[in-house]
Amino acid sequence: DPGRGTSGIEKSIPVSGKGSCQAEPGDTGDEQDAVLEDYETIEGSEEIRGKKRKMNIQLMEFPRHMDEYGSLVPIEASDSVPFDIKRVYYIYGVEKGVRRGFHSHADLEQVLICVSGHVRILVKTPWEEQEIFLDDPQKGLYIGPMVWREMFDFSGDAVLLVLAGDHYKVEDYIRDYNKYEQIARQYFTENQ
Ligand code: T46
């Protein structure tokens with residue numbers, strides 16, 4: 001299918017050394033034995049809803065209406081994504097070599113869709129990190145609460161569209177990696 005890209009998880013590695021984030025991995029203790037799931041692309045939002053996992057991410061695939069006039073991908077709040085969309089923003093015009101993000105959200109749920117070009121997303125928890133390549137307007141990367149993210153390797157034509165489950169709230173951002181690790185360990189322990 002020439003219309004489809006190759007979006008997907010490129011690397012999935014348990015966190016065992018210093019990554020691109022600022023902190024030492026710390027003592028992982030028994031969490032090292034955490035079973036990590038494979039993240040298959042899914043359709044719709046049902047499989048995400050209500051789950052709290054140690055890697056709060058999911059690749060999603062949206063249906064596409066394609067005809068001789070081109071392609072159209074509809075996204076319905078609560079149906080296509082597992083939350084009501086309260087905000088939409090998009091990131092574009094990112095210069096070569098620029099890396100953005102470097103934070104987690106305490107509560108916010110989002111879906112990232114690269115509607116033009118390509119971008120790589122690093123998602124990371126205290127237990128695991130994954131690099132996800134987005135280059136397909138039909139694919140969305142759901143990122144739940146308490147996941148560290150960095151966006152990089154934007155192509156010149158990249159437009160990263162983000163659907164967010166809440167309004168912009170500065171207080172929801174966790175920008176200090178050490179603080180993030182501490183809060184994340186507690187969060188995932190309490191929500192298993
Ligand atoms: C995220 C990743 C994927 C606003 O005024 N309203 C908004 O809704 C947003 C998202 C940002 N801003 C302002 C705040 C900053 O002055 O826009 C500026 C750039 O935002 P920031 O540095 O947070 O951008 P990124 O690329 O680091 O992160 C953004 C989102 O903020 C974040 O929620 O998950 O994209």
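Remember, it's 1-based here, ligands and their atoms both numbered in the order they're listed. Values below: all heavy atoms of this structure, side chains included; hydrogens, waters and symmetry mates excluded. Owing to the predicted nature of the structure, the values given are computational and were not obtained by experimental measurement.
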At what distance is the nearest protein heavy atom to [atom], and which residue and atom is it?
| atom | value |
| --- | --- |
| atom 27 (O) of ligand 1 | G101 N, 3.0 Å |
| atom 32 (C) of ligand 1 | H103 NE2, 3.1 Å |
| atom 35 (O) of ligand 1 | Y89 OH, 3.3 Å |
| atom 15 (C) of ligand 1 | Y168 OH, 4.4 Å |
| atom 33 (O) of ligand 1 | H105 NE2, 2.6 Å |
| atom 3 (C) of ligand 1 | M151 CE, 3.5 Å |
| atom 8 (O) of ligand 1 | R87 NH1, 2.5 Å |

Exercise for the section: Look at D136 together with K139 and state whether they make a salt bridge at an N to O cut-off of under 4.0 Å. Expected result: yes
Exercise for the section: Classify the ring geometry between Y173 and Y168 as parallel (under 30°), tilted (30 to 60°) or perpendicular (over 60°). Expected result: perpendicular
Practice task
Using the six-membered ring wherever Trp is involved, compare the ring planes of W127 and F188 and label them parallel, tilted or perpendicular (cut-offs 30° and 60°).
Solution key: perpendicular
Just heavy atoms, cut-off under 4.0 Å: does [X] contact ligand 1 by side chain, backbone, both, or neither?
| X | value |
| --- | --- |
| I143 | neither |
| H167 | neither |
| Y173 | side chain |

Handout entry: Close approach, R175 and ligand 1, non-hydrogen under 4.0 angstrom
Key = yes
Exercise for the section: Return yes when atom OH of Y90 has more than 12 non-hydrogen atoms of other residues, nucleotides or ligands closer than 6.0 Å, and no otherwise. Expected result: no
Problem - atom 18 (C) of ligand 1 within contact range, any protein heavy atom under 4.0 Å - result: no
Exercise for the section: For I91, counting its heavy atoms only, list the atoms of ligand 1 lying under 4.0 Å from any of them. Expected result: 26 (O), 35 (O)
Exercise for the section: Verify the ring-centre separation between Y180 and Y187: is it less than 6.0 angstrom? Expected result: no
Completion exercise
Here the gap from C114 atom SG to F133 atom CZ, rounded to the nearest 0.5 Å, amounts to 8.0 Å
Handout entry: Heavy-atom nearest neighbour of atom 26 (O) of ligand 1 within options R99, Q110, R100
Key = R100
Would you find a donor on one side and an acceptor on the other, under 3.5 Å apart, between the side chain of [X] and the backbone of [Y]?
| X | Y | answer |
| --- | --- | --- |
| Q138 | F62 | yes |
| S116 | A158 | no |
| D172 | H105 | no |

